[in-house]
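Please read the structure below before turning to the comments.
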Amino acid sequence: GRSQLTLWGSIDLAVPRVECTCGHCPPVPFDIISAYDRLWSDADTMIMGLVSWSVSLRTIGAVVQLQSGQVISIGTAQRLVKRVAALAAAQMREKVAASPPVVVLDALWGSMMVETGERKEDKRGRLRRVKRGKKIPLLVALGVDPVTGETTLLAWRQGTAEGVDDWTALLTVLYERGIHADRSARLFIHDGCPGLESALEVVHFGAVRRQRCIFHKLRNVARDVVGHDGMTRAEKRARLLAVLAEASAIYDVPSAAAA
């Protein structure tokens, strides 16, 4: 028999076994259920969706248990992580049908546990590898249709820093996927990172214009608005909002002269 986990609970199926005249059981592929697969398509799809949103393995297990009343192992969730990673890697090797008009380039910083090379004895006397959190950037390229607002994740890469080498590697993926001025790419938006600026001189996309990200500009403005001595917290916040309103209005005018 075979137990299959669905979002509505676990069901037991009777799976026939084929026995050869020699006494052995040859493997027979089935169209619906593959060997050692315990997840039905609904649970499989939900878990892969959670993986694509970078939900932790333990949280995925908790969600599945809450939904179905059944427990899945960390190993089961990890296998789906590898499957999603393989699908994502294959997607980044495919040519895009057409370049999105706008491409937003940015780095998302987060922490990752890395080994220090040291070992530490735990309470049970076992030697454990010592790990520590390390800040790393995830370089991302997001395609945007300015008419519909539709966004498409074009490429991403785990970097060591926001240096020219990391950005050059990401831009090379974009180029190989067919992002180019000749295929309707019109504008790159970024925060002015020096490494990215240098990488854009290495990988050429044709007559694609560049624009500094308005969000990052306004964030820099907000950082420098501190208020006057003696102002209350509410007064400082009101002043900040007023300055941001005036600064953001600059980007709504039709020309540089009007700004």
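Just so it is clear, the structure is predicted and the values come from calculations on it, not from any experiment. Residue numbers count from 1 along this sequence.
Applying the side chain to side chain donor-acceptor pair (under 3.5 Å) test to every pair with at least one member in residues 96-111, sequence neighbours left out, gives these pairs: Trp109-Glu162. Among residue pairs with one or both ends in residues 200-258, those qualifying as ring-ring contact (aromatic ring centres under 6.0 Å, His included) are Phe188-Phe205; sequence neighbours excluded. Sorted by first and then second residue, the salt bridge (Lys or Arg N to Asp or Glu O under 4.0 Å) pairs with a member in residues 203-232 read Glu197-Arg210, Glu201-Arg210; sequence neighbours excluded.
Not counting sequence neighbours, the partners of Pro146 by the side chain to side chain contact (heavy atoms under 4.5 Å, CB included) test are Pro101, Val102. Applying the side chain to side chain contact (heavy atoms under 4.5 Å, CB included) criterion to Ala222, with sequence neighbours excluded, gives Leu240, Leu244. Every residue two or more places apart in sequence or in another chain that forms a side chain to side chain contact (heavy atoms under 4.5 Å, CB included) with Thr151 is listed here: Leu142, Val144. Every residue two or more places apart in sequence or in another chain was checked for a salt bridge (charged side-chain N to carboxylate O under 4.0 Å, His left out) with Glu150, and none qualifies. Taking the side chain to side chain contact (heavy atoms under 4.5 Å, CB included) definition, one finds that Gln67 meets it with Leu7, sequence neighbours left out. The salt bridge (charged side-chain N to carboxylate O under 4.0 Å, His left out) search around Arg83 returns Asp44, not counting sequence neighbours. In terms of the side chain to side chain donor-acceptor pair (under 3.5 Å) criterion, Glu118 has no residue partners (sequence neighbours excluded).
Here the options are Val81, Thr76, Val51, the test is side-chain contact (heavy atoms from CB on, under 4.5 Å), and the partner is Leu57; only Val81 passes.
Within a 6.0 Å sphere centred on CE of Met231, heavy atoms belonging to other residues, nucleotides or ligands number more than 12.
Proximity of Val221 to Val243: side-chain heavy atoms (C-beta onward) are separated by under 4.5 Å at one or more points. Side-chain contact between Trp156 and Leu139 is absent, with no heavy atoms from C-beta onward closer than 4.5 Å. Put simply, the side chain of Ile72 does not reach to within 4.5 Å of the side chain of Gln65, judged on heavy atoms.
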Output a table of donor-acceptor pairs, distance under 3.5 Å, between side-chain atoms of residues 126-136 and any protein atom two or more places apart or on a different chain; print 'none' if there are none.
| from | atom 1 | to | atom 2 | distance (Å) |
| --- | --- | --- | --- | --- |
| Arg126 | NE | Asp122 | OD2 | 3.0 |
| Arg126 | NH2 | Asp122 | OD2 | 3.2 |
| Arg128 | NE | Asp122 | OD2 | 3.4 |

Donor-acceptor pairs are to be reported for all side-chain atoms of residues 165-181 against protein atoms at under 3.5 Å, with residues two or more places apart or in another chain.
| from | atom 1 | to | atom 2 | distance (Å) |
| --- | --- | --- | --- | --- |
| Asp166 | OD2 | Thr160 | N | 3.0 |
| Asp166 | OD2 | Thr160 | OG1 | 3.2 |
| Asp166 | OD2 | Ala161 | N | 3.1 |
| Thr168 | OG1 | Val164 | O | 2.6 |
| Thr172 | OG1 | Thr168 | O | 2.7 |
| Arg177 | NE | Glu94 | O | 2.8 |
| Arg177 | NH1 | Leu154 | O | 2.7 |
| Arg177 | NH2 | Gln91 | O | 3.2 |
| Arg177 | NH2 | Glu94 | O | 3.4 |
| His180 | ND1 | Asp182 | N | 3.1 |

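Residues Ile74 and Leu50 are members of one and the same hydrophobic cluster, defined by side-chain heavy-atom contacts under 4.5 angstrom among Ile, Leu, Val, Met, Phe, Trp and Tyr. At a threshold of 4.5 Å between side-chain heavy atoms, the hydrophobic network of Ile, Leu, Val, Met, Phe, Trp and Tyr places Leu87 and Val55 in one connected group. Cluster annotation: Val63 is connected to Met48 through the hydrophobic network of ILVMFWY side chains, with a link wherever side-chain heavy atoms come within less than 4.5 Å. Put simply, Leu80 and Met46 are part of the same group of oily side chains (I, L, V, M, F, W, Y) that touch within less than 4.5 Å, one to the next. Cluster annotation: Leu196 and Val208 are assigned to the same hydrophobic cluster (Ile/Leu/Val/Met/Phe/Trp/Tyr, side-chain heavy-atom contacts under 4.5 Å, transitive).
Side chain of Ser248 to backbone of Ala245: a donor-acceptor contact under 3.5 angstrom is found. Not a single donor-acceptor pair under 3.5 Å links the side chain of Arg183 to the backbone N or O of Pro100.
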